[in-house]
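To keep things clear, I will list the structure first and then write my remarks on it.
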Amino acid sequence: MYKLDLFGRAVRALAAGSSGLQAQRFLPSCMKYESVCRTQIRKHSQDQPTHTAGHLTCYSLPHRTLINVTGHDTNSFLQGIITNDMDLLGEDGLTAMYAHMLKVQGRTLYDIIIYSLKETPIGLNGVLLECDSTVQDSVIRHLKVYKIRRKVSISLCPSLSLWALFPQDKNAVLGKSKPDVTAAEKVLVLGKDPRTQLMGWRMITNSEVNPTEIISACRAGNTEEYHRHRYEIGLPEGVKDLPPGEALPLESNLVYMQGISFSKGCYIGQELTARTHHTGVIRKRLMPVTMSALAENLNQGAALETEGGKPAGKHKAGIGKLGLSLIRLAHAKVSLKVKSSDDMTVTLQASVPDWWPKNVNDK
């Protein structure tokens, strides 16, 4: 209101045919105020990013596949083999849930997203389970091992396509309103990515549906851009980032991605995970890194060192000069180095993602 008042007084001075001195006196103050105001708005938008539902980019996700789990015992069956609480799915409009499947020893086997099918427009029921397409057969075998006498059916869904929806402005994220869909009957699932709001929305359709034709202000994007965005914000996905049987869920930031419940009761791999959580001792975390050379020149699992030669963690994966590395928190703020596949020294710099809690000791 103050800025509008200053601007109005300047305009009235000009309209009155004055020499312009009054206007010149008011306009600089107005412009100075506007500059401060813009700075404040920009900072606020970084702290609490919002975006309208329009101007989206749709990314096809062929590296992820969908498995339909249905039957009377679906919830109780999955409850015992995933880290999250199935009872929460569907409550308060929750349509998607992130989780890991663990080995008995507590290490991550597969990262998954589970989608509720309670209010879908076509014949599927139960839930859809999203996983890395390269291990889809292994995931199905894992499910069948623990199926025993449960009344559940497990099947692949090759006729469905999975999409990620991002705002075209990468500095913004979607707000509370869903993207504007012109043909809702062609969308099986549309919900926020449960891991972080910086990952936009997840959408499931039949394979023949083109999202750009049913979503307002939407363009098709390259899947490589999707992965680049993931690595930029430090979000792992699939066996490349989380090799089966190697990664520990809490070191992989499962808590930060709302992927685990510590009150739901027993599940496979719970003992070590719960003990680590309650001791509060996590010495390493998967963090985004920028590198002085292309990620393709680095071997997965290559050892990281400080400039002084102290062990600092392991490199995991990346694209271009962006990547993910498992880093000892004691060395997370210093420049690190690693040997490339052609024996060259590559420097890395880790950063703390914006979507982590302000104090990482909070979780």
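Just so it is clear, the values below take in all heavy atoms, side chains as well, and ignore hydrogens, waters and symmetry mates.
In this structure, CE in M287 is found 9.5 Å from CG in L336, a value given to the nearest 0.5 Å. To the nearest 0.5 Å, the span separating OG1 on T83 from CZ on F262 amounts to 8.5 Å. Here H277 contributes atom NE2 and I260 contributes atom CD1; the two are 8.0 Å apart, rounded to the nearest 0.5 Å. Rounding to the nearest 0.5 Å gives a distance of 5.5 Å between OG1 of T273 and CG of L250. With values rounded to the nearest 0.5 angstrom, L128 atom CG is found 5.0 Å from I204 atom CD1. Distance check: C131 SG to H142 NE2 gives 11.5 Å after rounding to the nearest 0.5 Å.
Connectivity analysis of hydrophobic side chains (ILVMFWY, heavy atoms under 4.5 Å, direct or indirect) links L272 to L248.
Closest of all the heavy-atom pairs between S161 and S207 is OG-CA, 3.2 Å. Pairing each heavy atom of L165 with each of C58, the nearest pair is CD2-SG, 3.3 Å. Nearest heavy-atom pair across G245 and R107 is O-CD, 3.2 Å. For the pair S60 and T223, the tightest heavy-atom approach, listed with the atom from each and the gap, is O-OG1, 2.9 Å. For the pair L198 and H229, the tightest heavy-atom approach, listed with the atom from each and the gap, is O-NE2, 2.7 Å. Taking all atoms of both residues into account, the shortest heavy-atom contact from S325 to L348 is OG-CD2, 3.8 Å.
You'll find the side chain of T57 stays beyond 4.5 Å of the side chain of C218, heavy atoms only. In this structure, the side chains of V289 and I327 come closer than 4.5 Å at one or more pairs of heavy atoms. Using a 4.5 Å heavy-atom threshold, the side chains of N253 and W356 count as touching. Looking only at side-chain heavy atoms (C-beta outward), R285 and L329 come within less than 4.5 Å of each other. No side-chain heavy atom of K314 sits under 4.5 Å from any side-chain heavy atom of L304. Within the 4.5 Å cutoff, no side-chain heavy atoms of D180 are placed close to those of I215. The side-chain heavy atoms of L66 and L129, taken from C-beta on, include no pair separated by under 4.5 Å. Residues I214 and V209 are in side-chain contact: their nearest non-hydrogen atoms beyond the backbone lie under 4.5 Å apart.
Hydrophobic clustering (side-chain heavy atoms under 4.5 Å, transitive across Ile, Leu, Val, Met, Phe, Trp, Tyr) groups I154 together with V145. Using a 4.5 Å cut-off between side-chain heavy atoms of Ile, Leu, Val, Met, Phe, Trp and Tyr, with links allowed through other members, L78 and Y146 fall into the same hydrophobic cluster. When the side chains of ILVMFWY residues are joined at heavy-atom separations under 4.5 Å, either directly or via intervening members, M291 and L235 end up in a single hydrophobic cluster. By the rule that hydrophobic residues join a cluster once side-chain heavy atoms approach within less than 4.5 Å of another member, L326 and L102 end up as members of one cluster.
Contacts classified as salt bridge (charged side-chain N to carboxylate O under 4.0 Å, His left out) and involving residues 60-77 (residues at least two apart or in different chains) are given here: R64-D111, R64-E130. Evaluation of the salt bridge (charged side-chain N to carboxylate O under 4.0 Å, His left out) test over residues 290-313, restricted to residues two or more places apart or in two chains, returns none. Listed by first and then second residue, the salt bridge (charged side-chain N to carboxylate O under 4.0 Å, His left out) pairs involving residues 149-161 amount to none (not counting sequence neighbours). The list of salt bridge (charged side-chain N to carboxylate O under 4.0 Å, His left out) pairs with a residue in residues 258-284, not counting sequence neighbours, reads E271-R275.
Under the rule for a salt bridge (charged side-chain N to carboxylate O under 4.0 Å, His left out), R141 has no partner lying at least two apart in sequence or in another chain. For the ring-ring contact (aromatic ring centres under 6.0 Å, His included) test, residues two or more places apart in sequence or in another chain that qualify with H63 are Y226, H227. Remark: E251 engages no residue in a salt bridge (charged side-chain N to carboxylate O under 4.0 Å, His left out) (not counting sequence neighbours). For D85, the salt bridge (charged side-chain N to carboxylate O under 4.0 Å, His left out) test picks out no residue, with sequence neighbours left out. Residues meeting the ring-ring contact (aromatic ring centres under 6.0 Å, His included) test with H100, sequence neighbours left out: Y98. In terms of the salt bridge (charged side-chain N to carboxylate O under 4.0 Å, His left out) criterion, residue partners of R230 (sequence neighbours excluded) are, by chain and number, E237, D241. Partners of H331 under the ring-ring contact (aromatic ring centres under 6.0 Å, His included) rule, at least two apart in sequence or in another chain, do not exist in this structure.
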Report the C-alpha separation of L117 and N68 in whole Å, then their side-chain angles, then the decisive distance to 0.1 Å, and conclude whether the side-chain contact (heavy atoms from CB on, under 4.5 Å) test is met.
CA-CA 10 Å; L117 294 177; N68 186 208; 3.8 Å; yes
Would you please test Q349 and T290 for side chain to side chain donor-acceptor pair (under 3.5 Å) and show each step?
CA-CA 5 Å; Q349 185 66 54; T290 53; over 6 Å; no
side-chain contact (heavy atoms from CB on, under 4.5 Å) between T276 and V281, worked out
CA-CA 6 Å; T276 303; V281 180; over 6 Å; no
Evaluate D132 against T134 for side chain to side chain donor-acceptor pair (under 3.5 Å), listing each step before the verdict.
CA-CA 6 Å; D132 192 306; T134 62; 2.7 Å; yes
Working for side-chain contact (heavy atoms from CB on, under 4.5 Å), residues R202 and Y115:
CA-CA 10 Å; R202 268 318 206 244; Y115 302 92; 3.1 Å; yes
For the pair T95 and S116, evaluate side chain to side chain donor-acceptor pair (under 3.5 Å) and give the outcome as yes or no after the intermediate values.
CA-CA 5 Å; T95 58; S116 172; over 6 Å; no
Stepwise side chain to side chain donor-acceptor pair (under 3.5 Å) test for W163 and T205:
CA-CA 8 Å; W163 304 86; T205 66; 3.2 Å; yes
Take S252 and L254 through the side-chain contact (heavy atoms from CB on, under 4.5 Å) test and state the conclusion after the steps.
CA-CA 6 Å; S252 304; L254 186 61; 5.7 Å; no
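Side chains of S292 and K321: no donor on one and acceptor on the other come within 3.5 Å. T70 and S153 share no side-chain donor-acceptor pair at under 3.5 Å.
The closest donor-acceptor contact from the side chain of N210 to the backbone of T212 lies under 3.5 Å. Formation of a donor-acceptor pair under 3.5 Å by the S341 side chain with backbone atoms of N297 is found in this model.
Each of T74, I114, I140 was evaluated against V69; a single residue qualifies, T74, per the side chain to side chain contact (heavy atoms under 4.5 Å, CB included) test.
Here Y59 and F166 bring their ring centres to under 6.0 angstrom of each other.
Salt-bridge check for R228 with E232: failed, with every basic side-chain N at 4.0 Å or more from each acidic carboxylate O.
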